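Below: one structure, written as C-alpha cells.
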2 protein chains.
Amino acid sequence: MSRDSAALSRSGPASPSLHRGAPDLRTQCAACPIRHRAVCASCEPDELQQLEAIKSYRSYAAGQRILWAGDEMGFVASVVQGVATISQTLADGRRQMVGLLLPSDFLGRPGRATAPYDVTAASEVMLCCFRRKPFEALLATTPHLSARLLEMSLDELDAAREWMLILGRKTAREKIASLLTIVARRQMLAGLRAVRGRIVIDLPLTREAMADYLGLTLETVSRQIGALRADGVIALDGTRRIVVPDIRALMAETGDDMDGAPIA
Amino acid sequence: MSRDSAALSRSGPASPSLHRGAPDLRTQCAACPIRHRAVCASCEPDELQQLEAIKSYRSYAAGQRILWAGDEMGFVASVVQGVATISQTLADGRRQMVGLLLPSDFLGRPGRATAPYDVTAASEVMLCCFRRKPFEALLATTPHLSARLLEMSLDELDAAREWMLILGRKTAREKIASLLTIVARRQMLAGLRAVRGRIVIDLPLTREAMADYLGLTLETVSRQIGALRADGVIALDGTRRIVVPDIRALMAETGDDMDGAPIA
DNA sequence: CGAGAGTTTGATTGCACTCAAGATAGGTGG
DNA sequence: CCACCTATCTTGAGTGCAATCAAACTCTCG
C-alpha cells in the first residue's frame with residue numbers, strides 16, 4: 001500500500017507533517033485534486049483565499065490513528081488523498097465502522113470540540129486541515145461554504161441510511177457485493193478506471209476493516225469474497241484489488257432493486 | 001393509539017386535512033409546541049412571519065402512508081406531534097427502518113424533488129408543512145434557518161451512526177435495550193415523564209416496526225422484550241407502554257460504555 | 001360477541017460466529 | 001538473493017443465536 005506514497009509522506013509515521021508556509025503546488029487550492037468536490041467546491045477566489053489562510057496539510061501513514069474518541073479537535077478537514085475510517089467501539093471491544101472517508105469527504109463537525117469517534121488512516125492519507133474556530137467563523141459569513149457543507153452532510157446521511165439497510169437486512173454475500181458496488185460508484189464519480197465495463201476497485205481495507213464496515217467477522221468476509229470469486233462475479237489481483245468484469249452482475253448480488261441508475 | 005387523538009384528526013384517514021387560513025391557535029408559531037426545537041428554532045419574529053406565509057398543517061391517521069419512495073415532494077415539514085417512520089425496502093420485501101421521526105424532527109431534503117424513502121405515520125401525526133420551493137429560497141437568505149438545519153442534519157447523522165453500531169454489532173437483547181434508551185432520552189429532552197427514576201416510555205410502534213428498526217424479526221423482538229420483563233429490567237403497561245423502574249439497569253443492557261451522561 | 005390485527009410461545013432450521021490450523025504475501029536483515 | 005518473520009488471509013469443523021415455520025392467545029374495535 002506504499003506503492004506510490006514516497007512523494008506524499010515525508011514525515012515519520014508517528015507525527016503528522018505540517019507543510020504550512022511551503023509555497024508548494026499542493027498549497028494552492030486551484031491545483032487541488034478535490035477542488036470541485038470538497039466543502040470548498042462552490043467558493044469564489046476571494047473565499048478560497050480566506051480558507052488558505054487557515055489551512056495546513058497533514059499526512060498520516062497507513063494504519064496510523066488520526067483521532068481517538070474523546071480527543072480535543074482543533075481542526076476540521078477535507079480528505080485530499082487516501083482512505084480513512086470512522087469507527088465506534090462497544091464496551092467489550094466489538095467495533096463498527098460508521099464512516100468511510102474517501103478523497104473530498106469532510107471530517108469533523110463545526111461547533112463540536114471533541115471527537116466522538118475514532119478515525120484511522122486505512123492507507124496513506126493527506127488531509128487539508130482548517131483551524132476549527134476560524135473555520136466556524138467563515139462558515140457563518142460564507143453561504144457558499146455553509147450551503148456546500150449542508151449538501152455534503154445530507155449526502156452522508158443518505159449514505160448512512162443505505163448502510164443501515166445493508167447492516168440490518170442483507171446477507172453476508174449481499175453485504176460484500178454492496179460494499180464493492182459503493183466503492184466502485186465513488187471511484188467512478190472521482191473519474192477513475194471506467195474501462196469498458198471492466199472496473200478495477202482499489203480497496204485499501206483489510207478483511208478485518210471490511211468486516212467492521214459490514215458487521216461481519218473477517219472469516220465470513222474472506223469466505224464470501226472467495227465465493228463471489230468462485231462464481232466469476234469478481235476476480236482478485238492480490239488481496240486488496242478487485243476486478244469486476246461485469247458491474248451489473250455484481251449489482252445483481254446486492255439484493256437491491258435494480259431500478260436505480262446503471263452505475264453512477 | 002387513538003386515546004387522545006380526537007382533537008387532532010378532523011379529516012378522514014385517507015386524505016390529509018389542510019388547516020391553512022384557519023386563524024387557529026395551532027397556526028401561530030409562538031404557541032407551537034416544537035417552537036424552540038424545530039428547524040425554525042432560532043428564527044426571529046419577522047423570519048417566522050415569512051415561514052407562516054408558506055406553511056400549512058396536515059394530519060395523518062396511524063398507519064397511513066405519508067410518502068411513497070419515488071413520490072414527488074412538494075413540501076418539507078416539521079413533525080409537530082406523533083411518530084413517523086422512514087423506511088427502505090429490498091427487492092424481495094425485506095424492510096429496514098432508517099429514520100424515526102419524533103416531534104420537532106425535520107422531514108425532507110431541500111433541493112430534492114422526489115422522496116427516496118417510504119414515510120409512514122406510526123401514530124396519529126401532525127406535520128407543519130412548508131412549500132418546498134419557497135422554503136429553499138428562504139433557506140438561502142436566512143442564516144438562522146440554514147444554520148439550524150445544518151445542526152439538525154448533523155445530529156441526525158450522529159444518530160444514524162449510533163444506529164449503525166446497534167445494527168451491526170449488538171445482540172437482540174442489546175438492540176431492544178438500546179431502542180428503549182434512545183426513545184427514553186428523546187422523551188426526556190422533550191420534557192416528559194421524568195418521575196424520580198421511574199420512566200414511562202410511550203412507544204407507538206408495533207413489534208414489527210421495532211423489528212424493522214432493529215434489523216430483527218417480530219418474534220425475536222417479542223421474545224427479548226419478554227426476557228427483559230422477566231428479568232425485572234422493564235415492566236409492561238399494555239403492549240405499547242413500557243415502564244422502566246431503573247434507567248441505569250436498562251442502560252447497562254445496551255452494551256455501550258457507561259461513560260456517557262446519565263440520561264440526557 | 002365475533003373478527004381481525006397484533007402479540008406471544010413453541011419447535012426446528014440455518015447462517016454466520018467461534019475456535020483452530022495452515023497458507024500466502026510483504027517486508028527485513030543476513 | 002534468499003531465508004525468515006510477522007501480518008494478513010484462507011480454510012475447516014463445530015456451535016449458537018436469531019430466523020423460520022407454526023399455532024395459540026389477547027386485545028381492541030365494530
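Quick caveat: nothing in here was measured; it's all calculated off a predicted structure. In what follows, chains are A, B, ... by sequence order, proteins preceding strands, each numbered from 1.
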Minimum-distance pair of heavy atoms, taken over all atoms of [X] and [Y]:
| X | Y | result |
| --- | --- | --- |
| Val83(B) | Ser123(B) | N-OG, 3.0 Å |
| Ile201(B) | Gln187(B) | CA-NE2, 3.8 Å |
| Ala115(A) | Trp68(A) | CB-O, 3.9 Å |
| Gly255(A) | Glu174(A) | CA-OE2, 3.7 Å |

Looking at [X], I'd like to know whether one of its side-chain N or O atoms comes within less than 4.0 Å of OP1 or OP2 on [N].
| X | N | answer |
| --- | --- | --- |
| Ser222(B) | dT8(C) | yes |
| Arg240(A) | dC9(D) | yes |
| Thr220(B) | dA19(D) | yes |
| Thr217(A) | dC17(C) | yes |
| Arg207(A) | dT10(D) | yes |

Please state how far atom [atom1] in [X] lies from atom [atom2] in [N], giving the value in whole angstrom units.
| X | N | atom1 | atom2 | answer |
| --- | --- | --- | --- | --- |
| Leu167(A) | dA16(C) | CG | C1' | 15 Å |
| Glu174(A) | dA16(C) | CD | C1' | 14 Å |
| Leu214(A) | dC17(C) | CG | P | 10 Å |
| Leu203(B) | dT7(C) | CG | C1' | 15 Å |
| Ile176(B) | dC17(D) | CD1 | P | 16 Å |
| Arg241(A) | dT8(D) | CZ | C1' | 18 Å |
| Lys175(B) | dC17(D) | NZ | P | 14 Å |
| Leu205(A) | dT8(D) | CG | C1' | 14 Å |

- Message: Regarding dC17(D), can its base be found pairing with the side chain of Gln224(B) as donor and acceptor, where the two atoms are less than 3.5 Å apart?
- Response: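 There is none.
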
On a plain distance test, is the side chain of Glu219(A) in donor-acceptor contact with the base of dC19(C) below 3.5 Å?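 Result: at least one qualifying N/O pair found.
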
| message | On DNA chain C, compare the nucleotides closest to Leu218(B) and Gly238(A); which residue's is nearer the 5' end? | response |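 Here Leu218(B) is the residue nearer the 5' end.
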
| Among dA16(C), dT11(D), dT10(D), the one nearest Arg223(A) by side-chain distance |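 Within the option list, the nearest is dT11(D).
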
**Prompt:** Any idea which of dA16(C), dT7(C), dT20(D) is nearest the Thr171(A) side chain?
**Reply:**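 Within the option list, the nearest is dA16(C).
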
* Cation over ring face, Arg161(A) and Trp163(A), 6.0 Å, 45° ->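 That pair does not qualify as a cation-pi contact.
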
Exercise for the section: Classify the nucleic acid contact of Leu216(B) as base, sugar-phosphate or nothing, counting any heavy atom under 4.0 Å across all strands shown. Expected result: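 Sugar-phosphate contact only - Leu216(B) comes under 4.0 Å of backbone atoms but never of a base.
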
query: Mind telling me whether dA22(D) is syn or anti, cutoff 90° either side of 0?
result: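 Anti, angle beyond 90° from zero.
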
*asked:* Can you work out whether Gly226(A) or Arg169(A) has the more 5'-proximal nearest nucleotide on DNA chain D?
replied: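 Mapping each residue to its closest nucleotide by heavy atoms, the 5'-most match is Gly226(A).
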
* Asked: More than 12 non-hydrogen atoms from neighbouring residues, nucleotides or ligands closer than 6.0 Å to CZ on Arg229(A), yes or no?
  ->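 Open.
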
Exercise. In the strands shown, is dC1(D) matched to any nucleotide by a Watson-Crick or G-U wobble pair with both distances under 3.5 Å, and which?
Worked result: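 Matched dC1(D) with dG30(C) under the 3.5 Å cut-off.
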
